[in-house]
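Below is one structure, written out as structure tokens, with a few remarks after it.
Keep in mind it's a predicted model, so treat the numbers as computed, not measured. By convention in this document, chain letters (A, B, ...) are assigned in the order of the sequence lines, proteins followed by strands, and residues within each chain are numbered from 1. Reckoned from all heavy atoms, side chains included, excluding hydrogens, waters and symmetry mates.
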Protein chains: 2
Amino acid sequence: MARKPKFKITPIGGLGEIGKNMTLFERNGEGFLIDCGIMFPANDMHGVDYIIPDYRWLEEREDIRLHGVAFTHGHEDHIGAVQHVVRSFPGIPLYATPLTTGLLQVKLKNARLLKSTKIHTFDAGDTIKIGPFKLESFHVCHSIPNCVGYGIETPYGMIVHTGDYKFDNTPVHGRKTDYAKLAGFAQRGVVLLMADSTNADRAGWTQSEAVIDGALDKVFRAAKGRIMVATFASLVSRVQQVVNAARNHKRKVCITGYTMSEYAKIARKLGYLDVEDDMLVSIGQAQAMPPRKVVFMVTGSQGEPSAVLGKLAAGRHRQLDVRDGDTIILSSHPIPGNEEMVYRTINRLIERGADVVYDPIEAVHVSGHACQEEMRLMLNLTQPKYLMPVHGETRHLHLHAKLSADNGVPAENVVMVENGVTVELGSGGISIGERQPGGYVFVDGSGVGDVGRAVIRDREILAQDGFVLVSVNVDQRSGKLIDEPRIVSRGFVYLKDAEDFLDQIRDNITDVVNRSRNLNGNRRNLVEESLGKLIYNETKRRPMIFSIVNEV
Amino acid sequence: MARKPKFKITPIGGLGEIGKNMTLFERNGEGFLIDCGIMFPANDMHGVDYIIPDYRWLEEREDIRLHGVAFTHGHEDHIGAVQHVVRSFPGIPLYATPLTTGLLQVKLKNARLLKSTKIHTFDAGDTIKIGPFKLESFHVCHSIPNCVGYGIETPYGMIVHTGDYKFDNTPVHGRKTDYAKLAGFAQRGVVLLMADSTNADRAGWTQSEAVIDGALDKVFRAAKGRIMVATFASLVSRVQQVVNAARNHKRKVCITGYTMSEYAKIARKLGYLDVEDDMLVSIGQAQAMPPRKVVFMVTGSQGEPSAVLGKLAAGRHRQLDVRDGDTIILSSHPIPGNEEMVYRTINRLIERGADVVYDPIEAVHVSGHACQEEMRLMLNLTQPKYLMPVHGETRHLHLHAKLSADNGVPAENVVMVENGVTVELGSGGISIGERQPGGYVFVDGSGVGDVGRAVIRDREILAQDGFVLVSVNVDQRSGKLIDEPRIVSRGFVYLKDAEDFLDQIRDNITDVVNRSRNLNGNRRNLVEESLGKLIYNETKRRPMIFSIVNEV
């Protein structure tokens, strides 16, 4: 008798974090994806604009029919690669809640893919059919409205995929994480819980977004001049909170920056941002108003130099500047790796006269992810047989696994994999299957995947010590130099201040070339070796070294 | 009547932080320094090993006689530039407490400057004379033993310089911050308090080092295999706490790494590290012992790839490896900018099978600096007329200034300057004086100061998109190319995968060169412009572009 086909789950891509940006679910040659997001490069991934999950192996698989992509919510790390995926799998339908659909449409429009892509929009709580699969969506609280997780029926019990979530009992938009649905899944039998691990190293509960209202009120009350609030463009509920505070304190709101304006427009249209027309003003109007009457919403809370706050800090914004008496609120936490840029930005804003408020000075931001007690609650609500901690770095997954033992899932029932490794669910339980090649694909400029590890490694070496290139013209017959060696160098030393050293380099090369007829080995290698030694001895640095030898 | 000469204070250098690494005190042509430390480069200061304060203007000043350098404590950011300063000011005497002297001696010995340098060693609480100046040292708690601040007599009242401090009431080494002496200064009249601002954004009190004992005990009790504790080499009190925990749990201690071993040796010799001979084992001995019987002390708690922990994470340590069942404690917090590397290291260690414990999982580290309530206590103990917040980024200085208003120092009596700006104290009060040029000097390899902003900027561009260089040989008479252009490129695209694009580049250059006789302008510029345009249009990248044109 043929064995029942297994249900397989493969997390794809994700830089540092596992099971976050994109996940493949498949059974018996049929499949679907949950999310397709991008990652932002680490500080040592020089010149990379963003990173997409490496799903090239999936494009090559002929044994699977992909029926669609279901989205959990509209953040970049969950929707940002949609144009790449739609190009790779032409005609693949998308499934999303209204706000997520709105944000997907912007991306697809920019990529000229909107008309050719079918998006099925559903409401949180709806059940959707994707090919042979049934997905029961359930609402979760996070830091953007309209987030869902999915209950997925399998022959082995239900899989619950939480998406990004927290249990906020007083959320800005009123709708709570769907306790009833989660408990209902438990009654039907949850075989596997795939749950967000982001804050697994934080005890207790994530604070409700409601605490921010109090903090904003306090800061608004004290502010004597203009107020600027920096946050993520996609943090629609935070924009709502700022609008509410502005309304209470009789200030108008000016939303700046292209992305934030676009997000706000969509959120308003779809009813996720409640703001009266006459509360919104343009930058020009805002500039003409008394400072106490206006709040600016700006991007750049991660210290990005090209966002509004970064430009304000550097004095490079074309319409706005920071003045004495301005109050600037950073309603965000630095993402690990961004701390240095964030603090530098804060320092510059203060130097320009602003009063800058950020957590921990006031509770102007809370996380959008569950802390330890919420993870326990999720385990206790869904009562899964197995746990697959996802959406976190290795350290978070391990801590999530640790706490599950006290909440019904012993260590032997926890499955932790790296991205690209398949988890298989069958009648015999859960097991680890194949490993797919690859991890992620760098996007740099218009190139997708042409910048690989080797190029990044070269950039790292160039960043450390620069390069030195010498070009020499050699007489074919005599083997002697016919003119002075030319030297091109950048990132090594400032050549104009190093005339003596340049002379030393020229002498060295002249000597090696003129002797090289009698030396064994390739002339170029001889030049490069000799030059490398000279440079290291003199400077203890190792720039990249190149030579061009013209025989004329 | 001639006016009484003012007492002048100039903070020097400091990357991001102000008034930390080095400070000049002077009056009437006589002066002394407090501390001369180094800074570590920001993530975008490519290839820089470390940074020293830029005191070149002080070397050039002929109107001042420097009588010595007084040190507050033995951390790198306070003593690390001693060899540079001793070379710049030959014969300058140093003043330090015994442990700081021990650490200075190691640095001077490595630089072959030990014999020619006079160090006056004193105990915390002693009064020292440096030229015409009288400095009354007082003990402060921090995260290395033997720290002091200074009370400095001036004709205008006392200046109190706290150094790095916190008010730990149960410190590891027993000695408290000297409340009596600080209160005594207040009775005599403190005109100016220069105080540590590091934790000005943290409410309450810094926890005592004593809490770490409890956390270590808990982790040691649970550990079933080997334990490794990573911390700063200079955190001698932490080494003591680990030794105490090891003693209680009947484990031996193996101190690994050159720097940590050196620090421990000096601290033991001087009585700041209490550990029995038979408790210390070598790596070889430790490897031969049962895993439950040993603790390794390692460096690398900031994720530095070249330190012991970094090598263990990468599997590149020659003698040690990480195994299933190991418990690794990170007894430190990431310094802003290091988070990404620290978390990456933790993830890799977990992947190798270790259980990794760090704050906030357990309270295995506390800060060495005062929080807000301690800053208030310092203000209330010393009752200064003026406050000069130091040792912090701009944001910390401003918050320190804010809280002082509630503690006897109104805003108009707070003086905040950047590094290089002189604060002047006279009978008329306090004022801001001259600004000195410079900020800091990069040390890269054996070069001090030869890598400047321009070189760093070039490294940044090279890191982003690499470079492309073309070399062409042109017939002098016809102006035509005589052979194929040669192309050297790194960090741009992987050339072996880009043959078509290389052909396109060659065609482009050939075309431009062959037409260039009839074109206006310099041939090299024409080649570089054309190539830059082609590359940007095709890739949306902007590598550095160079050309060499040989006329033969």
Can you tell which of A:Thr539, A:Leu397, A:Val451 has the highest number of heavy-atom pairs within less than 4.5 Å of chain B? A:Thr539
Is the shortest heavy-atom distance from the side chain of B:Arg202 to the side chain of A:Ile361 under 4.5 Å? no
Could you look at B:Glu538 and say if it's the side chain, the backbone, both or neither that has a heavy atom under 4.5 Å from chain A? backbone
Tell me, for B:Asn550 versus chain A, whether the close heavy atoms (under 4.5 Å) come from the side chain, the backbone, both or neither. both
Find the one option among A:Gly337, A:Ala463, A:Gly445, A:Gly466 whose heavy-atom pairs under 4.5 Å with chain B are most numerous. A:Ala463
So CD of A:Glu551 and CG of B:Asp483: to nearest 0.5 Å the spacing works out to 11.5 Å
Looking at CE of B:Met416 and CD1 of A:Ile350, how far apart are the two atoms once the value is rounded to the nearest 0.5 Å? 9.0 Å
Who among A:Glu418, A:Arg542, A:Glu460, A:Met544 has the most heavy-atom pairs with chain B under 4.5 Å? A:Met544
What part of B:Arg486 gets within 4.5 angstrom of chain A, counting heavy atoms only: side chain, backbone, both, or neither? side chain
Salt bridge flag under 4.0 Å for residues A:Asp444 and B:Lys540: no
Given a strict heavy-atom distance threshold of 4.5 Å, which part of B:Ala42 is in contact with chain A: side chain, backbone, both, or neither? both
Could you tell me the separation between the CG atom of B:Leu462 and the CG atom of A:Asp465, rounded to the nearest 0.5 Å? 11.5 Å
B:Leu469 versus chain A, the contacting section by heavy-atom distance below 4.5 Å: side chain
Enter the distance from B:Ser471:OG to A:Asn473:CG here, rounded to the nearest 0.5 Å. 8.0 Å
Could you tell me whether the side chain of B:Arg348 reaches within less than 4.5 Å of the side chain of A:Arg395, counting heavy atoms only? no
Taking atom CD of A:Glu362 and atom CG of B:Asp201, what is their separation to the nearest 0.5 Å? 12.0 Å
Please state whether the side chain, the backbone, both or neither of B:Val356 comes within less than 4.5 Å of a heavy atom of chain A. neither
Interatomic spacing from CG in B:Asn347 to NE2 in A:His396 - rounded to 0.5 Å: 7.5 Å
Is it the side chain or the backbone of B:Leu399 that comes within 4.5 Å of chain A heavy atoms, both, or neither? side chain
Interface moiety of B:Met45 toward chain A, non-hydrogen atoms closer than 4.5 Å: neither
Are the side chain of B:Arg459 and the backbone N or O of A:Gln464 linked by a donor-acceptor pair below 3.5 Å? yes
Parallel, tilted or perpendicular: rings of B:Phe467 and A:Phe546 (30°, 60°): perpendicular
At a 4.5 Å cut-off on heavy atoms, which part of B:Asp355 comes close to chain A: side chain, backbone, both, or neither? side chain
Interchain contact, B:Tyr358 with chain A, by part (heavy-atom threshold 4.5 Å): side chain
Taking NZ, NE, NH1 and NH2 as the nitrogens, is one of them in B:Arg541 or A:Asp450 under 4.0 Å from a carboxylate oxygen of the other? yes
Between A:Glu351 (side chain only) and B:Thr394 (backbone N and O only), is there a donor and an acceptor less than 3.5 Å apart? no
